[in-house]
Each structure stands twice: as C-alpha cells, then as structure tokens.
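A short write-up of the structure that comes next.
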Amino acid sequence: MEKKKTAYSFEVFPPKKTSPVEVIYNTLEQLKDLNPDFISVTLGAGGNNGNLAGHTIKVAAKIKEYGIEPVVHLPCVNFSKSEVSGLLEEMKSNDITKVLALRGDKPSDGSPTKNDFTYASDLVSFIKQKYPSFNVMGACYPETHLEATSPEKDIENLKRKVDSGCSGLITQLFFDNNCFYDFLNRIRQVGINIPVEAGIMPVTNKNSIEHMITLCGASFPAKFSKVLQKFGNDKDALITAGINYAVDQITDLIANGVDGIHLYTMNNPFVAQRITDAVKGLI
Ligand code: FAD
C-alpha cells in the first residue's frame with residue numbers, strides 16, 4: 001500500500017519578555033536540522049499578549065531565515081483590529097504569511113480585554129477579508145473546549161470557524177488516541193474536511209504535565225497514569241518513558257492515517273530529536 005505523507009511540525013514558545021529573544025536561537029538551530037514542515041511560535045499563552053508579540057514575530061522571522069515555514073500564533077481577544085493589522089503587516093514585511101488564529105485567554109493580571117474580537121472565528125473572517133493572501137489555521141479540542149456548553153455545540157462552533165476560512169486545524173494535546181479518532185469521526189460527519197494535525201506533548205516532567213492538564217482538561221488513560229505512577233519521581237526514567245509513550249501514540253496515529261503530527265517541543269530539542277529519530281521512517 002502507498003505510504004501517505006504525514007505532515008510533521010513543531011511548536012516553540014518565545015523567551016519571557018524580560019529575556020533577550022536570542023535565548024531561543026540555539027533551540028531553533030537544533031530543531032531546524034530535524035526538517036519539520038513548519039514550526040509554530042506561541043504568543044502569550046496564559047493571557048499576557050501585548051508586550052510579547054514582538055518576540056513572537058522575531059522568533060518566526062528567524063525560523064524563516066532557516067528556510068523553514070513559521071506559523072505565528074495570534075490570540076485575538078487582547079488585541080484591537082488595528083493592532084492585529086499592525087502585526088499582520090509586520091509579518092508580511094518578514095515574508096511570514098501563515099498564522100494560527102486563536103481566541104486566546106483573558107489576561108492573567110485581570111486587565112480588561114479589547115472588544116474587537118470575541119471568538120477565533122471573528123479573527124479568521126477579519127484576516128481572510130483584509131489579508132486574503134494569509135494562510136490561516138485554527139485550534140480544535142478532541143476532548144471538547146473547557147468552556148463549551150456541549151461537545152455538539154463546540155463542533156458547531158468549530159464548523160463556523162472553519163467555514164470562515166481555515167486551511168487546517170491543530171489539536172489540543174491528548175494522551176488517548178481513541179478520543180482523537182472519535183473526534184475526527186464527529187467533525188468529518190458535519191463536513192469539516194480540512195487536514196487536522198494531532199497535538200502530541202511528550203511528558204518529561206510530572207509537575208508541569210499536571211499543571212498543563214488542569215489548564216486544558218486532557219484525560220489520563222490508565223496506561224498513561226501507570227507511566228506517571230511508576231516513573232514520576234525518577235527524572236531520567238520519566239524522560240525515557242515519556243518519549244516512548246509519545247512515540248507509541250505517533251506510531252498508532254500514523255498507522256491510522258493521521259494528516260499530521262504537531263509536536264509540543266517545550267523548547268527541548270533533545271526530546272524532539274529522539275522522537276523524530278524514532279518515527280523518521282514512518283512519515
Ligand atoms: P474559539 O474557537 O473562539 O473557541 C472558544 C470557545 O468559544 C469554545 O468553547 C467554543 O465552542 C466557543 N465558541 C466559539 N464560537 C462561538 C460562537 N459563535 N458562539 C458561542 N460560542 C462560541 N493561547 C494563547 O494565548 N497563545 C497561544 O499561542 C496559544 N496557542 C495555542 C495552540 C493550540 C494548538 C491550542 C489548541 C490552543 C492554544 N492557545 C493559545 C489556547 C487558546 O487560546 C485557548 O484554548 C482559548 O481558550 C480558546 O481558543 P480558540 O481559538 O480555540 O477559541
């Protein structure tokens with residue numbers, strides 16, 4: 001049977017606003033050699049956007065210099081339309097034309113959000129109307145977005161976002177592939193037919209994964225809980241077990257014809273390298 005090309009991409013986050021942007025360049029140097037289809041750069045996840053946009057675009061411009069396609073995350077609730085236009089112009093001048101359109105979260109310091117955008121679909125429509133040359137992706141949630149009133153409503157809202165002009169979707173991290181397959185069936189049934197990249201986060205630190213899961217609501221399958229129970233307090237063993245778990249997940253996803261794998265690298269090129277080596281022959 002002919003092997004289908006599986007897209008393979010990474011996500012990185014820019015340094016904190018008090019650190020020089022160059023601190024991530026060493027990570028990018030190593031990630032670029034792994035030759036991903038694109039590297040996406042977060043922007044202020046956790047709700048503090050304004051000051052960080054410059055860092056995100058600088059990191060994306062560096063990725064472009066390396067000959068790899070950058071994707072800029074653009075969470076909209078904390079920006080006005082004119083600020084978004086300014087960011088898109090800055091991206092254009094750096095030859096960056098691919099964005100992940102996001103709603104974003106309210107600022108963690110309690111400061112008010114701007115009122116120009118309510119949902120990510122508003123941003124998708126805005127970009128497609130004003131900057132049609134941009135390629136726009138969106139986020140999706142195999143286990144349902146935490147604020148959604150029901151899984152069905154969440155998919156209805158996702159359909160609206162996709163119909164506004166998304167070219168592809170990236171999922172929230174998940175540890176149970178069956179949740180992803182079930183989600184994929186449900187979105188295909190309502191006519192969402194664009195590629196969906198599966199977000200995979202290798203677990204290499206027990207505390208940070210527990211924090212992350214509280215934020216995003218991903219479920220722990222029994223197999224995964226056992227890994228954490230057995231290796232959670234042994235740093236080196238957890239790194240190996242976490243990488244192996246991610247490789248198993250990716251192998252199963254590719255065997256089931258997934259459109260793409262999006263690796264949440266946590267800026268750790270060592271882990272990305274080990275996973276990439278393990279799955280290279282499959283993608
Ligand atoms: P939306 O698509 O707007 O959905 C948000 C909620 O509103 C959902 O519950 C949805 O069902 C509901 N909804 C949507 N449209 C409507 C409507 N018309 N009427 C009623 N309800 C509606 N955040 C950052 O700040 N920076 C980042 O860099 C970042 N990167 C991310 C990358 C990925 C791959 C993912 C999955 C998330 C990322 N996030 C980031 C987090 C994201 O901003 C939050 O999860 C946010 O809560 C939702 O964003 P969204 O774009 O999915 O929102």
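Order of listing sets the numbers, starting from 1, for every ligand and every atom in it.
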Item to complete: Using the side chain to side chain donor-acceptor pair (under 3.5 Å) rule, take D277 and Q273 through it: C-alpha gap first, then chi angles, then the decisive distance, then the call.
Response: CA-CA 6 Å; D277 287 346; Q273 169 92 57; 3.2 Å; yes
Item to complete: Could you tell me which atoms of ligand 1, counted from 1 in the order shown, lie closer than 4.0 angstrom to a heavy atom of T42?
Response: 28 (O)
Item to complete: Would you check if the side chain of D116 reaches a backbone N or O of F79 as a donor-acceptor pair within less than 3.5 Å?
Response: no
Worksheet item: In ligand 1, which numbered atoms sit nearer than 4.0 Å to a non-hydrogen atom of A139?
Response: 35 (C), 36 (C), 52 (O)
Worksheet item: For atom NZ of K58, is the number of surrounding heavy atoms from other residues, nucleotides or ligands below 6.0 Å larger than 12?
Response: no
Practice prompt. Would you mind telling me if ligand 1 is within reach of the side chain of L100, the backbone, both or neither, using heavy atoms under 4.0 Å?
Written response: side chain
Worksheet item: Taking Y245 for the side chain and F175 for the main chain, is one N or O donor matched with an acceptor at less than 3.5 Å?
Response: yes
Discussion item. When you compare ligand 1 with Y141, is there at least one nitrogen or oxygen pair between them that comes in under 3.5 angstrom?
Written reply: yes
Item to complete: Under the side-chain hydrogen bond (donor to acceptor under 3.5 Å, both in side chains) rule, collect the residues that match up with Q172, sequence neighbours excluded.
Response: none
Discussion item. Within ligand 1, which atoms have a heavy atom of Q172 less than 4.0 Å away?
Written reply: 36 (C)
Fill in: D154 neighbourhood, listing ligand 1 atoms whose heavy-atom distance to it stays under 4.0 Å
8 (C), 9 (O), 10 (C), 11 (O)
Practice prompt. Hey, could you give me the CG/CZ distance between L253 and F174, rounded to the nearest 0.5 Å?
Written response: 5.0 Å
Worksheet item: Do the charged groups of K114 and D122 touch, with an N to O distance under 4.0 Å?
Response: no
Worksheet item: Where the side chain of D37 meets the backbone of A7, is there a donor-acceptor pair that is under 3.5 Å apart?
Response: no
Worksheet item: Out of L102, N78, T171, whose heavy atom sits nearest atom 27 (C) of ligand 1?
Response: L102
Fill in: Backbone N/O of G138 and side chain of K161: donor-acceptor pair under 3.5 Å
no
Discussion item. Test of understanding: with side-chain hydrogen bond (donor to acceptor under 3.5 Å, both in side chains), list the residues that count as partners of Y119, not counting sequence neighbours.
Written reply: none
Item to complete: Check each atom of ligand 1 against the heavy atoms of K161 and keep those under 4.0 Å away; list them by number with element.
Response: 2 (O), 51 (O), 52 (O)
Worksheet item: Which atoms of ligand 1 sit under 4.0 Å from any heavy atom of G44?
Response: 25 (O)
Worksheet entry | Part of P75 with heavy atoms under 4.0 Å of ligand 1, whether side chain, backbone, both or neither | side chain
Discussion item. Counting only nitrogen or oxygen atoms and a 3.5 angstrom limit, does R160 reach ligand 1?
Written reply: yes
Worksheet item: Got an N/O contact under 3.5 Å between T118 and ligand 1?
Response: no
Worksheet item: Taking heavy atoms and a distance under 4.0 Å, where does H262 meet ligand 1: side chain, backbone, both or neither?
Response: neither
Discussion item. Does V162 form a side chain to side chain contact (heavy atoms under 4.5 Å, CB included) with L169? I'd like the steps, not just the answer.
Written reply: CA-CA 8 Å; V162 168; L169 295 168; 4.1 Å; yes
Practice prompt. Identify whether the distance between the nearest side-chain nitrogen and carboxylate oxygen of E65 and K62 falls below 4.0 Å.
Written response: yes
Worksheet entry | Test of proximity, K153 against ligand 1: N or O pairs below 3.5 Å | no
Discussion item. Could you check whether any heavy atom of F13 sits closer than 4.0 Å to an atom of ligand 1, since that is the contact criterion I want to use?
Written reply: no
Fill in: Per atom 8 (C) of ligand 1, closest listed option by heavy atom (H145, H73, R103)
H145
Worksheet item: Judging by distance only, is a nitrogen or oxygen of E11 under 3.5 angstrom from one on ligand 1?
Response: no
Discussion item. I'd like to know if G199 contacts ligand 1, where contact means a heavy-atom distance under 4.0 Å to any ligand atom.
Written reply: no
Fill in: Numbered atoms of ligand 1 (with element) below 4.0 Å of I170, judged on heavy atoms
34 (C)
Response to the item:
Output for pair (Y66 OH, L28 CG), nearest 0.5 Å, gives 6.0 Å
Worksheet item: Just heavy atoms, cut-off under 4.0 Å: does F117 contact ligand 1 by side chain, backbone, both, or neither?
Response: neither
Response to the item:
ligand 1 to D105, heavy atom cutoff 4.0 Å, flagged ligand atoms 44 (C), 46 (C), 47 (O)
Worksheet entry | Y264, any N or O under 3.5 Å of ligand 1 N or O | no
